[in-house]
Amino acid sequence: GDFMGEKGNMPVDEEELKAELKTLEDKLAELEQEKDELDEDYDAVSGKLTEAEDKHIEIKQKRDKVAVRVDLSKIMVVDCIPANVPESKHKKLKVALMKTFYKHSGVKPKGLELVLGENKRTAGYVFVHYATPEDASKSSKDVNGKKLDKKHKFQTNIMSDCSKYDKVPDSFQIPEKKEIKDRPNYLSWLLDETVRDQFVIRYGNETQVYWNDPYRHANDNGRVLCYGGEREKASGKFWTQSLIKWSPKGSYLATFHMQGIVLWGGSDFKRVGRFVHQHVTEVDFSPDENYLVTCNYEGKDAIIIWDIDTGKKLRWFESSKNDRWPIFKWSSDDKYTCRAALDRISVYEVPSMNLLDKKSIAQKSVQAAQFSPSNPLIAAWVPEDGSIPASMQIIEIPSKKVVRERHFYSVKDLQLHWHPQGDYLCAKLCRQKSKKTVAYSFEIFRMRSKNIPVEVVEMKGRVIDFAWEPNGTCFAVAHSDAKNAGPANVTIYSLSGSKLKELETFERRPCNKLYWSPRGRTLVLAGLGNLNGALEFIDVNTMTSLTTGEHFMCTCIEWDPSGRFVFTAVTQRIQGDELRFAMENGYKLWTSQGKLLANISQSQFYQILWRPRPPSTLSAEEKKKISKSLRQKWWKKFEKEDELIRIGQLTGQEKVHVEMKESWKKYRERRRREWKAESKERAKILGYLEDDEDDYEVLETLVETTISTKEEIVPEA
């Protein structure tokens with residue numbers, strides 16, 4: 001039947017609006033086709049493309065205005081409610097229905113609409129209006145199948161889904177068969193039998209990807225070349241003309257060129273993507289590696305957002321002098337990206353790149369906006385304005401609802417630090433106490449707890465650095481006395497339990513940077529710059545210093561994804577003649593306990609980057625189970641492999657001695673097996689089992705023997 005009911009139950013003049021919407025969609029499709037054709041040769045027809053885009057935007061805006069007026073995705077249709085209920089009982093029925101539907105968020109005031117048939121009796125279904133399509137969709141899933149009473153079981157649908165059936169053709173049309181493209185295995189390096197990690201180095205005109213193998217190839221600087229741009233060299237080209245960057249999960253390696261960015265992937269690093277953007281200087285990936293952002297800070301298309309799979313431009317923007325890279329921040333699921341401007345936060349839906357709800361979030365003088373690494377939440381802060389205090393907000397997306405807010409006075413600066421898992425948020429505040437003094441404090445938000453409680457840590461003196469433990473509940477702060485520019489104190493705090501605890505302070509350390517292992521537990525205290533590369537490895541579980549080291553003039557430190565190894569490096573800028581550290585250029589490889597494994601000097605050394613690994617697909621329970629069985633099931637096997645590796649690296653007389661010892665062990669073991677196999681034959685001859693302990697009596701005899709005697713006369717005093 002006609003599930004929409006009588007006229008008046010749906011928006012007025014719906015058919016006229018649908019016709020207008022269809023006309024605008026047809027015009028938009030024509031303009032999109034024209035835009036795609038022009039997009040193929042952007043430089044040659046840039047003026048014509050701009051004119052077409054203007055028309056495209058104008059028609060799209062008209063279409064969107066009409067679509068808003070008939071947004072069927074916000075309306076839920078609920079079938080199987082009592083039918084033929086007279087008008088006198090409508091109020092009672094509404095109250096019963098409201099108890100079910102108003103439990104769910106997003107229902108509009110007076111959003112429950114009874115559909116009436118003849119004689120104003122109920123038609124057996126209702127419309128429920130929601131604020132957003134997401135609210136309607138969630139409620140539909142939750143309510144579907146629930147019972148109103150013994151005779152009535154709800155069946156729900158979203159109105160926009162129902163309207164799709166009008167467009168279904170009467171006859172079946174065979175869909176066009178899409179050509180399947182041969183895609184390289186972007187995760188091939190994860191199949192390495194010895195579970196090695198990869199890293200890339202950039203020096204001179206060379207770009208080389210290596211396997212990290214410090215034990216098997218200790219005599220080869222602990223590395224094995226995987227690919228060094230041999231194909232490009234053969235054709236007289238450089239693999240990159242500037243810098244390099246890995247994607248967040250390690251699927252792609254991006255190289256910079258005058259014409260734009262090129263992506264490489266697969267086991268043999270083939271070219272898998274090309275993105276034309278003249279004089280590009282910056283590149284960034286979305287967390288799920290679906291999208292790419294490039295920037296050259298020039299003109300109206302200074303910033304371009306691309307679809308990596310199709311290579312198409314999604315949208316481009318101008319840059320401003322206040323922009324700080326990365327300009328666009330991404331939600332963890334790649335559904336949204338945001339940009340903070342002077343008076344607003346613009347949140348875009350991806351891949352359409354339309355503004356969420358067609359408007360930005362008004363935030364006067366907003367300084368920063370960052371997405372949580374795990375949830376659709378944006379943290380943003382606004383400085384003081386006269387008598388209005390500075391504020392920090394946590395905004396839920398897509399509802400744009402402020403779920404937590406804090407206000408501060410006398411704030412000079414505020415920095416946001418999300419926990420890598422999104423469990424916590426730290427706001428580091430710098431307050432102006434007087435003209436010459438400032439005070440530091442931390443506001444820690446517990447994001448997983450009800451109402452997001454906040455804990456405050458007041459710091460005495462100057463805060464030098466802050467770092468979260470990636471897989472844990474700890475954080476570390478390097479700080480010093482405000483008047484003392486010398487060694488720093490490093491304090492470690494824990495958020496496990498209901499209250500924040502101060503665990504330990506390591507006093508007077510030459511430290512200005514903190515580097516946690518990706519697996520947690522180990523923390524490197526580093527003194528970069530004028531502290532001459534001092535290093536100290538801390539075991540946070542036992543709060544002990546494992547060892548100290550030094551890498552003179554060290555400029556950067558990088559942990560590998562496994563947390564077993566760490567690079568320290570002295571690099572120089574790729575542009576300009578920076579000769580300060582030329583004699584020290586190169587890198588060192590250390591274990592997580594601070595043991596030096598390799599020391600490589602390399603002139604014109606620009607970059608060294610570990611290849612990231614994608615997140616584990618194992619659950620927390622599965623990880624715990626593996627950890628418990630690791631020593632029992634795998635430890636002996638790993639120790640045996642390590643011993644074979646150690647023996648294989650020996651040279652000279654030491655190697656001969658070890659080989660003789662191993663040969664003797666094998667001979668002795670073989671003779672033991674033979675002796676055991678012949679025990680029955682010996683028993684037949686002797687008449688008893690000679691290795692039966694009951695047949696033997698053990699006697700212990702103590703024998704004293706005088707070796708020598710010496711008499712010495714001691715003179716009298």
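Counting only N and O atoms by type, the side chains of Gln198 and Arg611 include a donor and acceptor under 3.5 Å apart. With 3.5 Å as the limit, one finds a donor-acceptor pair spanning the side chains of Asp334 and Ser286. Remark: the Asn585 side chain and the Gln604 side chain contain no N/O donor-acceptor pair separated by less than 3.5 Å. Under the 3.5 Å distance criterion, with hydrogens and angles disregarded, no donor-acceptor pair is assigned to the side chains of Asn322 and Ser320.
Leu429 pairs with exactly one of Asp413, Val456, Val438, Leu414 by the side chain to side chain contact (heavy atoms under 4.5 Å, CB included) rule, that one being Leu414. Each of Tyr493, Tyr424, Phe442 was scored for a ring-ring contact (aromatic ring centres under 6.0 Å, His included) with Trp468, with one residue passing: Tyr424.
For the pair Gln593/Phe537, no side-chain contact is recorded, criterion being any heavy-atom separation below 4.5 Å from C-beta on.
Checked against salt bridge (charged side-chain N to carboxylate O under 4.0 Å, His left out), Glu282 has no partners two or more places apart in sequence or in another chain. Annotation: salt bridge (charged side-chain N to carboxylate O under 4.0 Å, His left out) contacts of Arg448 (sequence neighbours excluded): Asp423. Taking Asp192 as the reference, Arg196 meet the salt bridge (charged side-chain N to carboxylate O under 4.0 Å, His left out) condition, with sequence neighbours excluded. Applying the side chain to side chain contact (heavy atoms under 4.5 Å, CB included) rule to Asp220 yields the partners His217; only residues at least two apart in sequence or on another chain are considered. The side chain to side chain contact (heavy atoms under 4.5 Å, CB included) check on Glu469 picks up Cys474, Trp516, with sequence neighbours excluded. In this structure, Arg431 has no salt bridge (charged side-chain N to carboxylate O under 4.0 Å, His left out) partners at least two apart in sequence or on a different chain.
Around the NZ atom of Lys624, the shell of radius 6.0 Å holds no more than 12 heavy atoms that belong to other residues, nucleotides or ligands. Under a cut-off of 6.0 angstrom, the local environment of NZ in Lys233 is crowded, with over 12 non-hydrogen atoms contributed by other residues, nucleotides or ligands.
Residues Phe371 and Asn375 share a closest heavy-atom pair of CD2-O, 4.5 Å. Scanning all heavy atoms of the two residues, the minimum distance from Arg202 to Ser242 falls at NE-O, 2.7 Å. Ala379 approaches Leu425 most closely through the heavy-atom pair CB-CD2, 3.7 Å. Taking all atoms of both residues into account, the shortest heavy-atom contact from Asn471 to Gln421 is OD1-NE2, 3.3 Å. Here the shortest heavy-atom pairing between Leu514 and Ala476 reads CD1-O, 3.5 Å. Taking each heavy atom of Pro287 and Ser331 in turn, the nearest pair found is CG-O, 3.5 Å.
The aromatic rings of Phe199 and Phe567 stand perpendicular to each other, their planes meeting at an angle above 60°, with 30° marking the opposite boundary.
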Can you check side chain to side chain donor-acceptor pair (under 3.5 Å) on Thr255 and Trp239, steps first, answer last?
CA-CA 7 Å; Thr255 58; Trp239 194 5; 5.1 Å; no
Q) What's the verdict on side chain to side chain contact (heavy atoms under 4.5 Å, CB included) for Asp268 and Arg231, showing C-alpha distance, side-chain angles and the deciding distance? A) CA-CA 10 Å; Asp268 51 357; Arg231 289 189 305 271; 4.2 Å; yes
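If you take CG on Asn512 and CG on Leu525, they are separated by 10.5 Å, rounding to the nearest 0.5 Å.
Aromatic ring centres of Tyr291 and Trp330 lie closer together than 6.0 Å.
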